[in-house]
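Only one structure is covered here, and it is reproduced in the block below.
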Amino acid sequence: MKHYTFSKNERLCSKRLIEYLFEKGQRFVSFPFSVYWCVVSSDTIPCNAQVLINVSKRKFKRAVDRNRTKRLMRECYRLHKHELYDLLEAKNCKIVLSLSYIQDKKRNYASMDEKYLNMLDQLLCAISNSVQNDK
RNA sequence: AACGGCAACUGUUCUAUCGUCGGUUGUGUAAGCAAUCGGAGGAAAGUCCGGGCAACAUAGAACCACCAUACUUCCUAACAGGAAGGUGUUUUUCAGAAAUGGGAACAACAGCAAGUGCCACAGAAAAUAACCGCUGCCUUUAAAAGCAGUAAGGGUGAAAAUGUGAGGUAAGAGCUCACGCUAAAAUGUAGUGAUACAUUUUAGGGGUAAACCUUAUGGGUUGAAAGACCAAAUAUACCGACAGUUAAGAGUAGGCUCGCUCGUUGUCGGGGGGUAGGUUGAUUGAGACUUUUGGCAACAAAUGUCCUAGAUAAAUGAUAGAACUUUUUCUUUAUGGUAAUGAGAAAUUGACAGAACCCGGCUUAUAGGUUGCCGUUUUUU
RNA sequence: GCCGUUGUAGCUCAGUGGUAGAGCACUUCCUUGGUAAGGAAGGGGUCACGAGUUCAACUCUCGUCAAUGGCU
């Protein structure tokens, strides 16, 4: 039985890791998301991946719109996180990543989900390539 | 009845599944897991005022500078907020012949009669007024020039030196008088007071303080990213113990050797400041609601009941279904036509907006619904 | 969260309450065999928006909107 949870341990809260991520991490854009990700050593974080979800004040003036967009993104991550976790367990590595929303238009859940799946495919591809190259 | 404006109140609900933050309970060495309870607003917004709280500064007081406020009384912890009133301005198909009164709205409503500045263009002149004009004297032939007096009349402009009448004069002028107007002061009456009314005296000074400024009153500065406490890893001031080295050195009565002391290197232990991080500040308070009493009201007092979010890279969400609501279309009520109303189906709509230490206000945004007031149009009596 | 600054022509900016300006850009003409440079003329403004004070507001006051800077 898979648990579609999203607890505190799965969120990126450490200031140091965030600085490390934006300094060393790799970046790609899958519209409307901008993704930074980075492999970390196994004892720094307690679970397979930590994620940072991020919507800019420049894109949405109103706090209501920002909160809504963040909640939708979090929901997408929560429901599809096992695809990411399976790959990471197979490769035996841990990552931190940051998702930024860079469109300035609101969208509903269905459209958000579709875009998220596109992004996820690209991310899985990037991770497996990078890890193979390391070996 | 419809439409519009303003004000006040309200401002979607339920079920299932998967999640999220906090409290409690159980289980577990722990991470966690399970159960259960609770989890955004009238503006949470803007950060425009006032306070609590905290740190820093300061003997106390005065003066200067800067900022804010400015009719009165009251309410309030306090306020640039609120209530009641006064005065003024505007408005009114409300009354009235009119004067005026009533209603409504608005007011940064102390002081240009303290000083300084400014008032474009036009105009003679924008504040020690004199172009045309009027009057007198004098010069030359009339007309014009010069000197003196004057401010009645003229046009300009946003604004032009208190209005009418009489006297007065060479001509005129508050120059004088009468009746007014406006302002200031004094006295009396009413009122807590602003002020109103009456009488007397004085004055006639254009506007502008949202120009500098004057007067009165208030204000120390900075804000929870304030402040307090605990404290990994790494480096380490300092202290102690042990070990090593003369490989740099100093002292130990002049030199050398040995020893000793200081030093130096390493290990271990202690230890201070303090980073990551954590705890606190921080959710029981000028608290909410009910009833009663006092007050025109804002509000106050008493009584009873209740505890009602607390995140921190930042919780309150997603999906599916149902109801309600908005708008549109279709079917039916409707087997003569029109179609109010009711019923059903499909699509569509549900505002403004998200706590960030906490309170009291103000300002701004707000679909739909309810209530009240005002306006317009139509119909009936 | 807290505290500031700015908004004027297509762009960059001036502007003591009294007719809205400069440079670059644009249009037309001159100059040249032609282009550039140069010269002459011209067009182009909701002074961010809404109220108020004033005879008169880009300017003073209040509110709103937008852009932007600082404080860990």
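Values below: every heavy atom of this structure, side chains too, minus hydrogens, waters and symmetry copies. Order of the sequence lines fixes the chain letters, A, B, ..., with proteins taken first and strands second; residue numbering starts at 1 for each chain.
As rounded to the nearest Å, B/G251 and B/C256 have P atoms that lie 10 Å from one another. Nucleotides B/A355 and B/G321 have their C1' atoms positioned 32 Å apart, rounded to a whole Å. The gap from the P atom of B/U140 to that of B/U156 amounts to 43 Å, rounded to the nearest Å. Annotation: B/C49 and C/G63 have their C1' atoms spaced 15 Å apart (nearest Å). C/G38 and B/C121 have their C1' atoms separated by 40 Å, given to the nearest Å. B/C212 and B/A59 are spaced 36 Å apart, taking the P atom of each and rounding to whole Å. B/U214 sits 12 Å from B/C67 when the P atoms are compared, rounded to a whole Å. If you take atom P in B/C324 and the same atom in B/G344, they sit 9 Å apart, rounded to whole Å.
When distances run from any side-chain atom of A/A63 to the nucleotides B/G19, B/A355, B/A40, the shortest one goes to B/A355. With B/U20, B/A353, B/C18 as the choices, the nucleotide that has an atom nearest any side-chain atom of A/E75 turns out to be B/C18. Comparing B/U316, B/G32, B/G19 against the side chain of A/N9 picks out B/G32 as the nearest.
Spacing between atom CG of A/D65 and atom P of B/A365 amounts to 19 Å, rounded to whole angstrom units. Spacing between atom CZ of A/R62 and atom P of B/A355 amounts to 12 Å, rounded to whole angstrom units.
With a 4.5 Å cut-off on side-chain heavy atoms, A/T69 and A/M112 count as touching.
For B/U308, the O4'-C1' to base torsion is within 90° of 0; the nucleotide is therefore syn.
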Nucleotides 310-314 of chain B: which of its N/O atoms have a protein N/O under 3.5 Å away?
residue, atom, partner, partner atom, Å
B/U312, OP1, A/K8, NZ, 2.5
B/A313, O2', A/L12, O, 2.6

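For A/N67 and A/L72, each mapped to the nucleotide of RNA chain B holding its nearest heavy atom, the one lying further toward the 5' end belongs to A/L72.
Dashed line: the shortest gap from a side-chain N or O of A/R78 to OP1 or OP2 of B/G19 is not under 4.0 Å.
Listed for the A/N118 side chain is no donor-acceptor partner under 3.5 Å among the backbone atoms of A/D121. No side-chain donor-acceptor contact under 3.5 Å links A/E10 to the backbone of A/V51. With A/K94 contributing its side chain and A/Q50 its backbone, the two residues share no donor-acceptor pair below 3.5 Å.
With sequence neighbours left out, A/R27 forms a side chain to side chain donor-acceptor pair (under 3.5 Å) with A/S34.
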Determine which bases of RNA chain C form Watson-Crick or G-U wobble pairs with both distances under 3.5 Å, and write the result as a 5' to 3' dot-bracket string with | for other-strand partners. (((((((..((((....[..)))).(((((.......))))).....(((((..]....)))))))))))).

